[in-house]
Structure formats: C-alpha cells, structure tokens
Asks: 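Here's a structure for you.
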Amino acid sequence: MMNLEKRSPSILTGAFVGGLLTLPLMAVTYLGFVVAGLPFAPYDALFPFIRNRTPGGIITLTIDSIIAIIQFLNLGRTDTAAKPIEQIMALLMLVGVGVVIGAVVFAIARRIKAGDRYLPGFLVGAALGLLMVIFYTDSGIPATTSPTISNLWLFGSFLAFALGINWIYNDLSDLPVHAPTGETTASVQPIDRRQFLVRVGGATATLTVLGAGLGALLTPRGTTRTTTSSATAALLPEVTPEGTPVAGTTAGLEPAPGTRLEYTPLDEHYRIDISARPPVLDASTWRLRVSGLVESPVEMTLDSLMNDYEPVDQIITLSCISNPVAGDLISTTRWTGVQLNLLLEEWNLLPEATHLRITSADGFDEYVALETIRNDDRILLAYAWDGQPLKQKHGFPLRIYIPNHYGMKQPKWITDIEVVDEWQEGYWVRRGWSEAALVQTTSVIDTVATDAVYERDGQMVVPIGGIAYAGSRGISSVEVQIDDGEWQQADLRSPLSELTWVIWRYDWAFTEGGHTFRVRCVDGLGGPQTETVQGVRPDGATGIHQTIART
C-alpha cells in the first residue's frame, strides 16, 4: 500500500532552504557586479547599513578580534588578511538574512489560502528588495550603472530569491513526507521531500559554482573592478620611476639586514577602510563638489586639479590608529597633489566658516579646521602615489593628507567638501575614537640579524635595526637596551623627508645565549616615547617594543 502522508513543510525547513538559496543568489549577483558593475548586495548594501549602525564598542571589539586572529594564525599582513575576513562577514550576514527570509516565507505560506500560493514569496521578496534598495541608497556607494538600473537589479534579485523559496515550499507541500511504497512503473519514480531537497541542493551547488566561477574568471587576477580612465596617468607631471625616492635625499646609514624597506612598494602599502570593497569611481564623471558656506557652489574635475595647479610631491609615512606597537599598518610612499590652502582662496568662503566636512564615496566623513589648513601648506588633496594615479583600493581619485595625524582623520575617495561653521565628530570619533588622532611616538625592532654577524675590531657584532616614527615631529634619537643593561644610542639614517619614519641601526657586541632586546626613541621636539602600555583605542597604541632572540 502507498504511503501518501502529507503535511505543511516546517519553518526550520524554510530556514534551511533560505540559507541554501542564498548561495546562488550571491554567486549570480557577484557575476552581475563583475560583468556590468551592478551593486553586490552583501558588500554594497547590507554590510554598510549594519556597519553604520553598530555601536563603536562592538566595532572596536570586532577590529581587535580580527587583528588578534590574524596574528595568532600568522595569516600574513594585517590589511590583506583583514579585508577577506570583512568580506566573509558580509557574506555570512547575507546568509543569515536568507535563513530568516526562508523561515518567514514558509511561516506565512503555512497560513495562506491554497489559491494564493505565491503571495508569501511576492510580499516578502518585495519588502526585502525594497529594504536592499534603501540600504544601498543609504550607503552612498556608487556603481558604474545608473541608479535606476542598480535599484531594479537589487529589487528584482531579492524578489526572485523569495519567490524561489516560495516555489520550493509549494513543491514540498505537494510531496509526501516519505517516498510512497508499493508498486511503481519504470517511467515514474516517486520521490519524497528529502530526495527533493537533495536535488534542490545539487541544483543550487551547480548555479553557485557556475556564477562564482564565471565571476572569478572574468575578474583580472590581482585586481578589482575599476573605471579609472587610462588617460588619467597622462595627466600626471613628470616623475621618477616607481619605488625611487625623489632626488636630493641621502642614503647615509646602511640599514641592518632584515629591516623593512624604507620606501614601501606601492602594492604593499597598507590599506584600511570601512568598506567590504573599495568604491568604484569614474575619472571622467567624478567631480569634487564644494558647498556650504561659500559664495557659490564649486565643482572641480580631476583634470583641473592635476593641470591647473602646481603639483606638490612629498614622501610621507602614514600610520593607522589601529596599528598595535610593531604592527604592519604603517607605510611610506610619495604623494602628489595640490596644496589645499591654495584652493581655499579660490572657493570664496564666507566669514563665518571655520571647518571643512570632507565626505567619501563610502560614507566616511571627517572635519578639518580651516586654521589648520591655512597654517600648513603640507596639507594636500592628493591624486597620485608613487607617480601613478591613486589605485582604486587606495582612494582613487582623491584623498587628503594631514601631517601628524593617523589615517582615521584622512578620508579617501573624496566626493564632497562642505564648508561649515563648527566642528563636529567625524565617522570614527562618533564611534569612540580619538578626536585629535595625533600620531604617537613609536619605535620598532624589525630585525636582530643573527645571520649577518660580522667581525669588527676583533669582536663579533650583530646588526639590530628597525624604524622610529613620530609624525611630522621627526625623530631626534633612538636607544636600544639588551636584557637589563644600559640604554645605548643607536645610529640614525637620514629620513627621506621630514614627514617619514627614520631607519635606525645598532651594532651589538655579540654574546651567546637568549637575549631580550628593547627600543625607545625621542621625537624631534624632545618628547620621549610613551613607555606606558596602552592599546590602540582610543588614541593609538603606546609602549616599549621588545623582542627575544637567541644568538
């Protein structure tokens, strides 16, 4: 006898189906991003919305946890490892949404009349699609397609997703809980719900692999989608080759073997930002919009910034406030741009103006005092690094540089500058980080070069070296301590500029055994490095760096 027991599929089954269908949804929409520049919901809508509404303490805990995981598992450079972790978090957020939506569609469908079999999926899908459109619009992240097409893409994708869940519910409802028993014909092989779900899973896996595989295949290796105009590079002034410091610097002291490069290769420059992926901006359509307390609004093109003003080159060290003592979120390269104080003169600011509110394409914002800008001609609106247009991941087409401050005060992907009459809290300040974000004086041991021991005056010597940095204050001295001995003066290499780190070296008279090495420094104004141990929040990490080595 045939067993035809039927009952409504459970809400837990709906949660499973929702999570399952999220995978091809992500794969197909990622393919749309790669092929046509359409918004990718986990990165461009969901993640920014949740990020912008998460309390600062939770964000800080998340950042600290990510850094701790990277260091504990030795996953490599902090920035290159952190970004995939953020992206995985964004994808998992969408999977979580899919699980909830699946449960909701099944819950509603269990109570709906038989004649309205697709109404739950339509209602939930339309609501979810509308929410994603709102989230995407709120993020401010641009896509290369028109807003109308981008919004229709998001709305349609999630409507189809919910209808797909509803379709599976309907099919499950028509199937018996268990496969029928009894006689069957060769051409008819009845299936039960479990077998049906297995087949759905197989189809889902196929769609996911195809979508993700095509997306990966169509994305050039080592790059992200960009609409940077190839003509942009031709607008730059004559520059020296990549990786070469500007003329006039002195080499001086030879760094100890194993010391980090004094000038950071462009692709190795650290990158930390608030987005799961960098915003995509087109050089040909981008405009710097200046509004607020000005006689009339101003719009500037990238071509104008590059050609109508004398370019300024500065070799600069930039550090992240999230960088722990001896961390790798610090780099040095050459910035090219226009002095911001010159632009202020042309913007015709009203007398009551006191600050600029600078906004980025990813929703980041920060305030800069006009007094600071007018008194420091080193403050730049930069459009090039190392003689090349800014890379997409590094803030193309425009970012600001403000000496003596951490990167959290210096927006990238700048789109708008509003002239205002008061200071307010910027993006990270609102989340509990430092109002000033002044660079802490720090020194780091990069190497105890036990494999480079040499003889000097009959004594075996071990080179020790690293970097010291105090923002625009410079470094006047570095001292090294071995075990509990006296602090000894290290030698300093002439810095590439007044705005960069300093390479130091100390040649230690070798003694066999395990030793503890410590370093401290004094900035160029005579201020000693803070030896008290402090974490990165809220003002940047402090403390003495030490390392243990066996010689």
Side-chain angles (χ1 to χ4, degrees), residues 71 249-262 317 319 323-330 332 404 406 438-536 539-551:
Q71 293 177 339
T249 59
T250 56
L253 181 76
E254 183 69 22
T259 304
R260 72 189 69 193
L261 292 176
E262 186 175 28
T317 295
S319 179
N323 197 35
V325 172
D328 56 10
L329 300 178
I330 180 171
T332 297
N404 210 35
Y406 285 114
L438 295 174
V439 169
Q440 299 280 3
T441 301
T442 189
S443 53
V444 176
I445 300 171
D446 284 335
T447 178
V448 178
T450 54
D451 56 352
V453 177
Y454 70 98
E455 184 177 349
R456 183 181 65 187
D457 300 330
Q459 171 71 55
M460 301 305 292
V461 174
V462 178
I464 306 169
I467 59 105
Y469 178 59
S472 60
R473 304 186 301 276
I475 297 293
S476 61
S477 68
V478 173
E479 294 179 322
V480 177
Q481 182 189 55
I482 292 87
D483 299 323
D484 294 320
E486 297 292 324
W487 288 94
Q488 304 294 325
Q489 197 75 27
D491 296 317
L492 306 184
R493 178 179 169 91
S494 298
L496 295 177
S497 84
E498 64 176 7
L499 300 173
T500 68
W501 55 27
V502 172
I503 300 292
W504 63 266
R505 173 173 175 156
Y506 177 71
D507 289 348
W508 169 60
F510 167 83
T511 59
E512 190 173 353
H515 300 279
T516 300
F517 302 85
R518 300 181 181 87
V519 65
R520 68 184 185 186
C521 66
V522 177
D523 71 24
L525 302 179
Q529 176 178 343
T530 300
E531 299 188 16
T532 303
V533 176
Q534 172 183 287
V536 297
D539 298 310
T542 62
I544 297 295
H545 181 225
Q546 70 175 37
T547 187
I548 298 173
R550 179 165 292 279
T551 59

Asks: Can you name the closest pair of heavy atoms from Gln489 and Ser477 and give their distance?
Replies: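 The pair with the smallest heavy-atom distance is NE2-CB, 3.0 Å.
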
Asks: Ile464 and Trp508: which non-hydrogen atoms are nearest, and at how many Å?
Replies: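 That closest heavy-atom pairing would be CD1-CB, 3.7 Å.
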
Asks: Between CD1 of Ile475 and OG1 of Thr441, what distance do you get to the nearest 0.5 Å?
Replies: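 Ile475 atom CD1 to Thr441 atom OG1 measures 6.0 Å (nearest 0.5 Å).
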
Asks: Applying side-chain contact (heavy atoms from CB on, under 4.5 Å), can you list everything that pairs with Thr542, at least two apart in sequence or on another chain?
Replies: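 Only Gln440, Thr530, Gln534 meet the side-chain contact (heavy atoms from CB on, under 4.5 Å) criterion with Thr542.
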
Asks: If you look at every heavy atom in Trp487 and Ile544, which pair is closest and at what distance?
Replies: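 Looks like CH2-CG2, 4.5 Å.
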
Asks: Check for a donor-acceptor pair, side chain of Thr317 on one end and backbone N or O of Trp501 on the other, with a separation under 3.5 Å.
Replies: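 Side chain of Thr317 to backbone of Trp501, a donor-acceptor pair under 3.5 Å: yes, one is there.
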
Asks: Mind checking the CD-CD1 spacing from Gln488 to Ile482? Nearest 0.5 Å is all I need.
Replies: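 The CD atom of Gln488 sits 6.5 Å away from the CD1 atom of Ile482.
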
Asks: Quick one: side chains of residues 448-456, donor-acceptor pairs under 3.5 Å with protein atoms, not counting sequence neighbours, listed by atom name and distance.
Replies:
from	atom 1	to	atom 2	distance (Å)
Tyr454	OH	Asp507	OD2	2.6

Asks: Side-chain atoms of residues 510-527: list all donor-acceptor pairs with protein atoms under 3.5 Å, sequence neighbours left out, distances to 0.1 Å.
Replies:
from	atom 1	to	atom 2	distance (Å)
Thr511	OG1	His515	NE2	3.3
His515	ND1	Asp483	OD2	2.8
His515	NE2	Thr511	O	2.9
Arg518	NE	Gln546	OE1	2.9
Arg518	NH1	Gln481	OE1	3.2
Arg518	NH1	Asp483	O	2.7
Arg520	NE	Glu479	OE1	2.7
Arg520	NH1	Glu531	OE2	3.3
Arg520	NH2	Glu479	OE1	2.9
Asp523	OD1	Leu525	N	2.8
Asp523	OD1	Gly526	N	3.0
Asp523	OD1	Gly527	N	2.8
Asp523	OD2	Arg473	NE	3.1

Asks: Taking all heavy atoms of Leu492 and all of Ser476, pick out the closest pair and write down the distance.
Replies: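 Closest pair (atom of Leu492, atom of Ser476, distance): CD1-O, 3.7 Å.
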
Asks: Say whether, by atom type as modelled, one donor and one acceptor occur between the side chain of Arg505 and the main chain of Gly465 under 3.5 angstrom.
Replies: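 Such a contact is absent between Arg505 side chain and Gly465 backbone.
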
Asks: Nearest 0.5 Å, what's the CD1-CD distance between Ile467 and Glu262?
Replies: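 Reported value, rounded in 0.5 Å steps: 11.0 Å.
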
Asks: Hey, does Pro463 have a side-chain heavy atom less than 4.5 Å from the side chain of Glu254?
Replies: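 Not in contact.
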
Asks: Is it true that a side-chain atom of Tyr406 and a backbone atom of Gly540 form a donor plus acceptor pair closer than 3.5 Å?
Replies: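 No.
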
Asks: Tell me every residue that passes side-chain contact (heavy atoms from CB on, under 4.5 Å) with Asp328, counting only those two or more places apart in sequence or in another chain.
Replies: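 Result, side-chain contact (heavy atoms from CB on, under 4.5 Å) vs Asp328: Arg77, Thr78.
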
Asks: Once side-chain contact (heavy atoms from CB on, under 4.5 Å) is applied, do any residues pair with Leu499, and if so which ones, sequence neighbours excluded?
Replies: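 For Leu499 the side-chain contact (heavy atoms from CB on, under 4.5 Å) partners, ignoring immediate neighbours, are Gln314, Ile316, Arg378, Tyr401, Pro403, Ser472, Ser497.
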
Asks: Which pair of non-hydrogen atoms, one from Arg493 and one from Leu253, has the smallest distance, and what is that distance?
Replies: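 Here Arg493 and Leu253 meet closest at NH1-O, 2.6 Å.
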
Asks: Could you measure the distance from the CG atom of Leu496 to the CD1 atom of Ile503? Nearest 0.5 Å is fine.
Replies: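 Between Leu496 CG and Ile503 CD1, I get 8.0 Å after rounding to 0.5 Å.
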
Asks: Which heavy atom in Val480 sits nearest to a heavy atom in Ala490, and how many Å separate them?
Replies: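 Result for this residue pair: CG2-CB, 4.2 Å.
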
Asks: Between His545 and Ile445 (side chain of the first, backbone of the second, donor and acceptor by atom type, cut-off under 3.5 Å), is there such a pair?
Replies: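 It does hold such a pair.
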
